[in-house]
Amino acid sequence: MYSHKLLKPDGRKLTLYSRYPISDQLQAPSPSNEPVQANPHLRWHPLRGEWVAYASHRQGRTFMPPPEYNPLAPTTNPEFPTELPQGKYDVAVFDNRFPSLITTANNPPHTIVETLPGNGACEVVVFTQDARASLSSLELSHLDLLIEVWGDRTREIGANPQIQYVLPFENKGVEVGVTLHHPHGQIYAYPFVPPVPARMLEMQQQYYQSHRRGLLQDLIQQEIADNKRIIYRDEVAIAFVPVCARYPYEVWLAPIQPVSSFAELTPEQRHGLAKALKTVTLKYDGLWNRPFPYLMAWFQAPTDGLPHPEAHLHAQFYPPYRTSDRLKYLAGTELAAGMFANDALPEEKAKELQAVAVNLEVPVSV
């Protein structure tokens, strides 16, 4: 992996990553030369026992620009700069212009509940320069690089003592609220372990203390033995519709042998995950022969410097469709009660995805 760090005119950081050497002549553009004016803060929710972030400056963020004003495409006209330079590189990561969390947040307002500065980090990860691409169309070596990039960002962001948890994710499709169609994801870094990964880590810690083995590690072995819901499997990586899926087309993706974070992956595991990631996204797009929306989130160990043998790096995909023309809306029982109701059996949806033929070595037209 090659990388090259740049500084934008507005003070934000940009890092370029590539499978090939990167020219040191590249300059970092920015749609604006004004420094980011963001000071988010957190307010404590006493009934739920969790923090809520407030970032009112995000109301003005970019929303569905026409293709000719794509801020994630390389700059073609210096008079109308985008976020990325022209040049040969594969992946770009830069500080979000409209962050929900920022390391310099300070002086939160006083309210009737506890408040804190919204200290953290929000980065944009541009998967490719090609605006027409998607994860399913990228070469395996490109996906391998992307997974390595997530690891590099986790190491760099997590080295900040303010940060306790790093979460890479991708929102794909207007159905999940995407405001820019160019293939990209984000990384949120939190000053605490957020509620969802905190609950999963709690369950994993309890299991590890009792069994001296990982909870997800044993669940994966049970899925392999059951052999009903597996979407992809090789010697080192697996993707499957979990037996406990909350969404009809939910898929989990993981190394078979547990590692706690991206940083611990071997090259073989990383390449296996790249094949699993391409398989899942190809099957999603091939299911109804159209781009398939989802939220993909990667869960790993906290960045608190402590050992976490219970943690098992993995991705969870949450697709919003329950059929080809019907969305699964989160309503009363999901939002109010916190209990999901799934209208389809995981085994049925796994069969649909298993039936989609894919070829990892054939380039996908976009």
Taking side chain as C-beta onward, heavy atoms only, is Ile220 less than 4.5 Å from His312? yes
By side-chain hydrogen bond (donor to acceptor under 3.5 Å, both in side chains), Asp325 pairs with (sequence neighbours left out) Thr323
Quick note, side-chain hydrogen bond (donor to acceptor under 3.5 Å, both in side chains) partners involving residues 108-118, not counting sequence neighbours, are none
Residue pair Val36 / Pro99, side-chain heavy-atom distance below 4.5 Å: yes
Where do Ala131 and Pro183 come nearest, in terms of heavy atoms and distance? O-CD, 3.5 Å
Parallel, tilted or perpendicular, as decided by the 30° and 60° cut-offs, for the rings of Tyr69 and Phe80: perpendicular
Side-chain donor-acceptor pair present, Thr75, Thr82, cut-off under 3.5 Å: yes
With sequence neighbours left out, what residues match Arg233 under salt bridge (Lys or Arg N to Asp or Glu O under 4.0 Å)? none
Output every pair passing salt bridge (Lys or Arg N to Asp or Glu O under 4.0 Å) with a member in residues 191-216, not counting sequence neighbours, ordered by first then second residue. Arg199-Glu202, Arg213-Asp218
How long is the span from the NZ atom in Lys278 to the OG atom in Ser137, to the nearest 0.5 Å? 6.5 Å
For Arg48, I'd like to know if atom CZ has over 12 heavy atoms of other residues, nucleotides or ligands within 6.0 Å. no
Counting only heavy atoms from other residues, nucleotides and ligands, does the tally under 6.0 Å from CD1 of Ile112 exceed 12? no
Side chain to side chain contact (heavy atoms under 4.5 Å, CB included), that's the test. Do His142 and Thr128 meet it? Break it down for me. CA-CA 9 Å; His142 195 136; Thr128 170; 4.0 Å; yes
Using side-chain hydrogen bond (donor to acceptor under 3.5 Å, both in side chains) as the criterion, list what pairs up with Glu83, not counting sequence neighbours. Lys8, Arg12
Could you tell me whether Glu139 and Arg19 have a side-chain N and a carboxylate O separated by less than 4.0 Å? yes
Inspect the surroundings of CZ in Phe340 and state if more than 12 heavy atoms from other residues, nucleotides or ligands are less than 6.0 Å away. yes
Establish, for the pair Arg43 and Tyr54, whether the NZ or CZ atom is under 6.0 angstrom from the six-membered ring centre and no further than 45 degrees off its axis. yes
With sequence neighbours excluded, give me every salt bridge (Lys or Arg N to Asp or Glu O under 4.0 Å) pair touching residues 165-175. Lys172-Asp285
What pair of heavy atoms forms the shortest contact from Asn119 to Ala105, and how long is it? ND2-O, 3.0 Å
Does Phe169 have its ring centroid less than 6.0 Å away from the ring centroid of Tyr188? yes
For the aromatic rings, using the six-membered ring if either is Trp, is the centroid distance between Phe317 and Trp252 under 6.0 Å? no
Cationic tip of Arg153 above Phe94 ring, under 6.0 Å, 45° of axis: no
With sequence neighbours excluded, what pairs up with Ser260 under the side-chain hydrogen bond (donor to acceptor under 3.5 Å, both in side chains) test? Glu264
Check the side chains of Ser32 and Ser30 for a donor-acceptor pair under 3.5 angstrom, ignoring hydrogens and angles. no
Below 4.5 Å, heavy atoms only, C-beta onward: do Gln269 and Gln257 meet side chain to side chain? yes
Can you list the residues that meet the side-chain hydrogen bond (donor to acceptor under 3.5 Å, both in side chains) rule with Thr333, with sequence neighbours excluded? none
Sorted by chain and number, sequence neighbours left out, ring-ring contact (aromatic ring centres under 6.0 Å, His included) with Tyr232 holds for none
Do Leu273 and Ile187 sit in the same hydrophobic cluster, where Ile, Leu, Val, Met, Phe, Trp and Tyr count as joined when their side-chain heavy atoms come under 4.5 Å apart? yes
Whether the side chain of Lys5 engages the backbone of Thr15 through a donor-acceptor N/O pair (distance < 3.5 Å, no angle test) should be reported. no
Evaluate the ring planes of Phe292 and Tyr284, with Trp represented by its six-membered ring, and classify them as parallel (under 30°), tilted (30 to 60°) or perpendicular (over 60°). parallel
Does the side chain of Thr303 pick up a donor-acceptor pair with the side chain of Gln164 at under 3.5 Å? no
Start with the C-alpha gap between Ile256 and Gln221, add the side-chain angles, then the distance that decides, and say whether side chain to side chain contact (heavy atoms under 4.5 Å, CB included) holds. CA-CA 8 Å; Ile256 294 175; Gln221 291 303 318; 3.6 Å; yes
Measure from the side-chain N and O atoms of Glu223 to the backbone N and O of Leu219, and report whether any donor-acceptor pair falls under 3.5 Å. no
With heavy-atom distances below 4.5 Å as the criterion, would you say the side chains of Asn39 and Asn106 are in contact? yes
Take atom CD in Gln27; do more than 12 heavy atoms of anything else shown fall under 6.0 Å from it? no
Going only through I, L, V, M, F, W and Y residues with side-chain contacts under 4.5 Å, is there a path from Tyr294 to Tyr329? yes
Determine whether Ile238 and Leu140 fall in the same hydrophobic cluster, where Ile, Leu, Val, Met, Phe, Trp and Tyr are linked whenever their side-chain heavy atoms lie under 4.5 Å apart. no
Any salt bridge (Lys or Arg N to Asp or Glu O under 4.0 Å) pairs touching residues 328-343, not counting sequence neighbours? Arg322-Asp343, Lys328-Glu334
Do other residues, nucleotides or ligands put more than 12 heavy atoms under 6.0 Å from the NZ atom of Lys13? no
Quick check on the hydrophobic clustering: are Ile147 and Leu360 connected, directly or via other members, by side-chain heavy-atom contacts under 4.5 Å? yes
Classify the ring geometry between Trp44 and Trp51 as parallel (under 30°), tilted (30 to 60°) or perpendicular (over 60°). perpendicular
No-hydrogen, no-angle side-chain donor-acceptor test under 3.5 Å, His314 and Gln316: yes
Same apolar cluster: Leu216 and Trp298, side chain cutoff 4.5 Å: no
Please identify each residue that fulfils ring-ring contact (aromatic ring centres under 6.0 Å, His included) with Tyr207, with sequence neighbours left out. His211
All N/O donor-acceptor pairs, side-chain side in residues 240-249, below 3.5 Å, sequence neighbours left out:
{"residue": "Tyr249", "atom": "OH", "partner": "Lys349", "partner atom": "NZ", "Å": "3.0"}
{"residue": "Tyr249", "atom": "OH", "partner": "Glu352", "partner atom": "OE1", "Å": "2.6"}

So, Glu148 side chain and Leu145 main chain: donor-acceptor pair closer than 3.5 Å or not? no
Does either side chain, that of Tyr17 or that of Asp152, offer a donor lying less than 3.5 Å from an acceptor on the other one? yes
Trace of the side chain to side chain donor-acceptor pair (under 3.5 Å) decision for Gln186 with His184: CA-CA 7 Å; Gln186 298 182 65; His184 74 287; 5.1 Å; no
